[in-house]
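Numbering starts at 1 and runs along the sequence shown. We count ligands from 1, going down the list as the structure has it; atoms in each ligand are counted the same way. No hydrogens, no waters, no symmetry mates; every other heavy atom, side chains included, goes into these values.
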Amino acid sequence: MRAAKIKTLLETSEVNQNCAVHGWVKTFRANRFIALNDGSSLKNLQCVVDFEKLDDVLLKRITTGAALHLEGVLVESQGGGQKVELQVETIHILGDSDPDKYPIQPKKHSLEFLREKAHLRVRTTTFAAVMRVRSALSFAVHRFFQQQGFYYVNTPIITGSDAEGAGEMFRVSTLDLNNPPRTKEGALDFKKDFFGKETNLTVSGQLEAESYALGLGEVYTFGPTFRAENSNTTRHLAEFWMIEPEMAFYDLNDNMDLAEKFITSVLKEVLENCKEDLEFLDERLAKEDQSKPQAERSPMGLIEKIKFVIENDFKRVSYTEAYEILRNSKPNKKKKFQFPIHEWGVDLQSEHERFLVEKHFNCPVILFDYPADIKAFYMRRNGDEKTVRAMDILFPGIGEIVGGSQREERLDVLEKRIQEMDIDAEELWWYLDLRRFGSVPHSGFGLGFERLVQFTTGMNNIRDVIPFPRTPQNAAF
Ligand code: 4AD
Ligand code: MG
């Protein structure tokens with residue numbers, strides 16, 4: 001018999017039907033009750049076996065972690081915990097598990113411990129819930145853009161350009177590290193490398209997305225990006241997924257409007273479609289909060305926080321206004337910031353972003369018009385000659401979730417900036433061409449997908465919202 005999904009059976013009103021299920025044993029109690037989970041639902045299906053009819057050898061093989069195929073009759077449950085249960089008639093052990101060695105025991109494990117068992121952690125209730133929400137979020141992302149008439153473009157993962165100009169890239173090469181070819185001058189000879197030039201894993205698909213926006217109008221990318229920054233924080237990964245919409249004929253205000261609508265739409269969709277998982281994660285966070293000192297506890301529950309973001313407008317503040325707020329703030333005056341705010345033009349650290357979002361405004365904040373010197377070369381220069389049309393969206397508990405800008409569409413201004421910043425203009429010949437042939441005002445942004453999953457699931461560490469995290473000194477699995 002073909003196995004039904006446990007989720008479907010738990011929701012059905014058709015009892016007394018013959019059915020089959022398969023999944024992994026979460027617990028086996030009293031030689032009688034198997035809690036079976038197949039990943040389709042947060043809840044397990046209670047499967048009741050008649051141990052008197054089973055031989056002892058088979059019974060012993062029903063252990064936590066074992067994979068089973070069960071057939072029987074779905075009946076109204078006698079016990080209180082569930083509506084239906086399976087009265088088991090036949091048992092097939094699909095895969096045994098050694099109960100003494102299986103690391104996922106039916107008890108609370110720390111997230112740190114589970115990171116070392118990343119290949120098995122999705123069998124825990126928490127990780128299964130997080131990964132189902134992650135899946136729903138990525139579907140919501142596509143649905144949002146498709147409904148708005150955007151085209152999905154796949155930008156290259158191997159590139160020759162450093163889009164962000166930050167130089168934090170992973171080299172892609174087939175050269176023999178032990179005996180690399182050298183030029184007459186003794187430098188590495190990349191002409192002999194696979195692509196005949198230096199190449200890296202992309203840090204962003206933006207530049208290529210711009211090329212497609214200036215032809216298809218409105219496009220978005222959703223793919224992996226790579227950064228070799230040595231940041232061991234709860235918000236940084238060396239490999240993360242980014243969503244980058246890019247729109248012709250949009251100015252910065254249109255860009256901010258789209259970003260806000262995008263975030264609230266996907267959150268709304270997930271709130272509707274992942275109720276059970278989010279309720280579980282909400283409770284989990286509340287329990288975790290209780291073990292923290294009062295001052296560190298979150299003022300809102302998880303679902304409450306998501307609803308708050310959906311229902312309230314993001315606060316839009318220019319960098320200069322934010323700078324004034326920070327300069328005059330209590331923590332700055334009392335020298336509580338690790339990086340004190342003195343002069344206009346400093347880059348904002350996460351302690352400043354957190355102050356603005358969590359203490360001052362108490363809502364998501366869009367900061368715009370940043371000093372040119374702390375932003376990338378491609379951002380459109382304002383008339384003041386000091387600031388660029390950049391925008392960052394800051395979220396409570398997360399910090400920066402979106403970075404974007406209106407792009408510099410004027411060839412002369414862009415060329416000058418590239419020169420000032422000492423960027424290799426030759427590599428960017430095609431990007432400059434976009435300003436030579438039918439250039440138009442255009443804008444876009446990048447949203448760090450894992451940071452969105454973190455916000456939605458309430459997981460504190462970004463390593464716990466991606467199946468196999470890549471961080472400095474760690475590429476296990
Ligand atoms: O602010 P970033 O660097 O912007 C760009 O890459 C632009 N090219 C985007 C664009 O305009 N198309 O990165 C965008 C977002 C950040 O706001 C953050 O959410 C996320 O990507 N991000 C990271 N997420 C996880 N780990 C990292 N190391 C990240 N670096 C950036
Ligand atoms: Mg940024």
Query raised in the report: Among protein heavy atoms, which sits nearest to atom 24 (N) of ligand 1, and what does the distance come to when rounded to 0.1 Å?
Result: Phe240 CD1, 3.5 Å
Query raised in the report: Judged by non-hydrogen atoms, does Ser405 sit under 4.0 Å from ligand 1?
Result: no
Query - Which atom of Glu400 approaches the Mg ion (ligand 2) most closely (N/O/S) - result: OE2
Query raised in the report: Only one of Lys5, Lys7, Arg132 forms a side chain to side chain contact (heavy atoms under 4.5 Å, CB included) with Ser41, so which one is it?
Result: Lys7
Requested in this report: With heavy atoms of Gly404 as the reference, note each atom of ligand 1 found under 4.0 Å away.
Outcome: 11 (O)
Query raised in the report: Do NZ/NE/NH1/NH2 and the carboxylate oxygens of Glu427 and Lys197 come within less than 4.0 Å?
Result: yes
Query - Close approach, Tyr378 and ligand 1, non-hydrogen under 4.0 angstrom - result: yes
Requested in this report: Run the contact test for Glu450 against ligand 1 with a 4.0 Å cut-off on heavy atoms, strictly below, and give the result.
Outcome: no
Query raised in the report: Just which atoms of ligand 1 are under 4.0 Å from any heavy atom in Glu229?
Result: 27 (C), 28 (N), 30 (N)
Query raised in the report: Testing Phe144, Tyr151, Phe145 for ring-ring contact (aromatic ring centres under 6.0 Å, His included) with Tyr220, which one passes?
Result: Phe145
Query raised in the report: Among Lys375, Arg227, Gln454, Met379, which residue places a heavy atom closest to atom 6 (O) of ligand 1?
Result: Arg227
**Report entry** CD-CZ distance between Gln454 and Arg134, expressed to the nearest 0.5 angstrom
**Finding:** 11.0 Å
**Report entry** Atom pair CE (Met242) and CZ (Arg451), whose distance is rounded to the nearest 0.5 Å
**Finding:** 10.0 Å
Report task. May I ask you to check if ligand 1 and His236 share an N or O to N or O distance below 3.5 Å? Result -> no
Report summary line: the protein heavy atom lying closest to atom 17 (O) of ligand 1 turns out to be Glu400 OE2, 2.6 Å
Query raised in the report: So, Asp369 versus Ser318: side-chain donor-acceptor pair below 3.5 Å or not?
Result: no
Query raised in the report: Strictly under 4.0 Å, does any heavy atom of Met391 approach an atom of ligand 1?
Result: no
Query raised in the report: Of all the atoms in ligand 1, which lie at a distance below 4.0 Å from a heavy atom belonging to Gly403?
Result: 1 (O), 9 (C), 10 (C), 11 (O), 17 (O)
Query raised in the report: Would you say Arg235 touches ligand 1, if touching means a heavy atom closer than 4.0 Å?
Result: yes
Query - Closest approach of Ala209 to Thr155 (non-hydrogen atoms, all atoms of both residues) - result: N-CG2, 3.9 Å
**Report entry** Ligand-side contact atoms (ligand 1) for residue partner Val402, heavy atom cut-off under 4.0 Å
**Finding:** 17 (O)
Query - Arg316 charged N/C atom sitting above Phe314 aromatic ring, 6.0 Å / 45° - result: no
Requested in this report: If you have a sec, work out which protein heavy atom is nearest atom 9 (C) of ligand 1 and how many Å separate them, to one decimal?
Outcome: Glu244 OE2, 3.3 Å
Query - Pairwise side-chain contact, Leu216 with Phe150, heavy-atom cut-off 4.5 Å (strictly under) - result: no
Query raised in the report: Any Lys/Arg nitrogen of Glu408 or Arg435 sitting under 4.0 Å from an Asp/Glu carboxylate oxygen of the other?
Result: no
Report summary line: Within 4.0 Å of some non-hydrogen atom of Gly448, the atoms of ligand 1 are 15 (C), 19 (O), 20 (C), 21 (O)
Report task. Considering the heavy atoms of Met242, write down every atom of ligand 1 situated less than 4.0 Å from one of them. Result -> 6 (O), 13 (O), 14 (C), 15 (C), 21 (O)
Requested in this report: Looking only at protein heavy atoms, identify the closest one to atom 11 (O) of ligand 1 and say how far it is in Å.
Outcome: Arg407 NH2, 2.9 Å
Requested in this report: Have a look at ligand 1 and work out which part of Glu164, if any, has a heavy atom under 4.0 Å from it: side chain, backbone, both or neither.
Outcome: side chain
Query raised in the report: Out of Thr457, Thr124, Asp277, which residue meets the side chain to side chain contact (heavy atoms under 4.5 Å, CB included) rule with Val130?
Result: Thr457
**Report entry** salt_bridge(Glu304, Lys307) N-O dist < 4.0 Å
**Finding:** no
Query raised in the report: What do you reckon, are the aromatic ring centroids of Phe226 and Phe170 less than 6.0 Å apart?
Result: no
Requested in this report: Show the numbers, then the answer: is there a salt bridge (charged side-chain N to carboxylate O under 4.0 Å, His left out) between Glu288 and Lys108?
Outcome: CA-CA 12 Å; Glu288 199 178 71; Lys108 190 171 158 54; 5.9 Å; no
**Report entry** Shortest protein heavy-atom distance from atom 15 (C) of ligand 1, along with the residue and atom involved
**Finding:** Gly446 O, 3.6 Å
Query raised in the report: Any idea which protein heavy atom is nearest atom 18 (C) of ligand 1, and the distance to it?
Result: Arg451 NH1, 3.5 Å
Query raised in the report: To the nearest 0.1 Å, how far is atom 26 (N) of ligand 1 from its closest protein heavy atom, and which atom is that?
Result: Leu237 N, 2.9 Å
Report summary line: atom 19 (O) of ligand 1: closest protein heavy atom, distance to 0.1 Å, is Ile401 O, 2.9 Å
